[in-house]
J.: 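Quick one: structure below, then a few questions.
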Amino acid sequence: MYTEKASAEHYRKTGKFPDGATLVKEIRKLETSAMTTGDPVVWGSDAAVWFVMVKDAKGRFASNPLWGDGWGWALFKADAPAKNVAVSYAADCMGCHVPAAKTDRVFIQGYPTLTQH
């Protein structure tokens, strides 16, 4: 995950992301092969998608279907990176992020820099 240094620091201090924080989660395709170090060896290769969240603590975009639960939501695919393919937070994003409600809708367990002090 990529974010601004100040946003990560704020989260570590408060447990919430500051208004305007931008989070980008890059998902990569996986490659595998038998190698002398193991069989199989797995590694990330080309980018597949980017999930993007922008914190809106003030609720400025309540009428926009891509904004909800304090965030703006987007999904960009590597084969068309200029087009947000998400059309609705409720339809495209909420289902996955409900379990992360206690951590500001972010699965922080996958990002040690958010929990290390």
Side-chain angles (χ1 to χ4, degrees):
M1 178 185 66
Y2 308 103
T3 191
E4 305 85 6
K5 179 181 177 183
S7 295
E9 290 171 348
H10 188 272
Y11 185 87
R12 284 193 299 268
K13 289 179 186 172
T14 67
K16 298 215 179 271
F17 289 95
D19 190 56
T22 302
L23 307 180
V24 179
K25 179 180 178 182
E26 181 177 72
I27 304 296
R28 293 187 162 270
K29 297 175 185 174
L30 295 177
E31 303 285 338
T32 71
S33 181
M35 295 189 170
T36 58
T37 56
D39 184 10
V41 173
V42 180
W43 64 92
S45 64
D46 297 332
V49 298
W50 296 275
F51 295 102
V52 178
M53 298 167 65
V54 178
K55 185 66 179 171
D56 178 26
K58 299 176 183 179
R60 295 187 279 295
F61 307 103
S63 63
N64 187 316
L66 286 169
W67 294 77
D69 283 332
W71 290 94
W73 305 81
L75 171 63
F76 299 90
K77 294 185 176 181
D79 62 353
K83 182 180 185 220
N84 178 9
V85 297
V87 295
S88 162
Y89 162 66
D92 299 323
C93 310
M94 185 172 65
C96 290
H97 286 265
V98 166
K102 291 182 181 179
T103 52
D104 206 10
R105 301 287 179 209
V106 179
F107 292 95
I108 63 160
Q109 65 270 31
Y111 310 106
T113 57
L114 294 177
T115 57
Q116 294 173 352
H117 293 100

J.: Where the side chain of Asn64 meets the backbone of Leu66, is there a donor-acceptor pair that is under 3.5 Å apart?
T.: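 Confirmed, Asn64 side chain pairs with Leu66 backbone.
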J.: Which heavy atom of Ala47 sits nearest a heavy atom of Glu26, and at what distance?
T.: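 That would be CB-OE2, 4.1 Å.
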J.: For residues 90-102, run the donor-acceptor check on the side chains, cut-off 3.5 Å, and write out each pair with its distance to 0.1 Å, sequence neighbours left out.
T.:
| residue | atom | partner | partner atom | Å |
| --- | --- | --- | --- | --- |
| Asp92 | OD2 | Val87 | N | 2.6 |
| Asp92 | OD2 | Ser88 | N | 3.1 |
| His97 | ND1 | Arg105 | O | 2.6 |

J.: Answer with yes or no whether the hydrophobic clustering places Tyr89 together with Phe51; edges join I, L, V, M, F, W, Y residues whose side-chain heavy atoms lie under 4.5 Å apart.
T.: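 Each belongs to a different hydrophobic cluster.
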J.: If I take atom CG from residue Asp79 and atom CG from residue Asp46, how far apart are they, to the nearest 0.5 angstrom?
T.: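 Those atoms lie 12.0 Å apart.
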J.: Does Val49 reach the side chain of Phe76, with side-chain heavy atoms less than 4.5 Å apart?
T.: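 Heavy-atom side-chain distance check fails, nothing below 4.5 Å.
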J.: Answer yes or no: is there a side-chain heavy-atom contact under 4.5 Å between Tyr11 and Val106?
T.: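 A side-chain contact is absent here, since even the closest heavy-atom pair is not under 4.5 Å.
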J.: What distance do Arg12 atom CZ and Ser7 atom OG have between them, rounded to the nearest 0.5 Å?
T.: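 Going from CZ on Arg12 over to OG on Ser7, the span is 10.5 Å.
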J.: Any donor-acceptor pair under 3.5 Å linking the side chain of Glu4 with the backbone of Thr22?
T.: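 Yes, because the side chain of Glu4 sits within donor-acceptor range (under 3.5 Å) of the backbone of Thr22.
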J.: Count the heavy atoms of every other residue, nucleotide or ligand shown that sit under 6.0 Å from OH of Tyr2, and state whether that count exceeds 12.
T.: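 Count not over threshold, so no.
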J.: Could you check whether any side-chain N or O of Trp43 sits under 3.5 Å from a backbone N or O of Val41, counting only pairs where one atom can act as donor and the other as acceptor?
T.: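 No, because the side chain of Trp43 does not come within donor-acceptor range (under 3.5 Å) of the backbone of Val41.
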J.: Side-chain heavy atoms nearer than 4.5 Å, only ILVMFWY residues, links allowed to pass through others: does that put Leu114 and Leu23 together?
T.: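 In one cluster: yes.
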J.: Got a donor-acceptor contact below 3.5 angstrom from the Trp50 side chain to the Val24 backbone?
T.: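 Checked: no pair found.
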J.: Can you check whether Gly70's main-chain N or O pairs, donor with acceptor, with Asp56's side chain at less than 3.5 Å?
T.: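 No; zero donor-acceptor contacts below 3.5 Å.
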J.: Do Thr3 and His10 come within less than 4.5 Å of each other through their side chains, counting heavy atoms only?
T.: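 A side-chain contact is absent here, since even the closest heavy-atom pair is not under 4.5 Å.
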J.: With clusters defined by side-chain heavy atoms of hydrophobic residues (ILVMFWY) lying less than 4.5 Å apart, directly or transitively, does Met53 cluster with Tyr111?
T.: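 In one cluster with Tyr111: Met53, yes.
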J.: When clusters are formed by joining ILVMFWY residues with side-chain heavy atoms under 4.5 Å apart, either directly or through shared neighbours, do Met1 and Ile108 land in the same one?
T.: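 In one cluster: yes.
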J.: Could you tell me which non-hydrogen atom of Arg28 sits nearest to which non-hydrogen atom of Gly44, and how far apart they are?
T.: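 Heavy-atom minimum between the residues: CB-CA, 4.3 Å.
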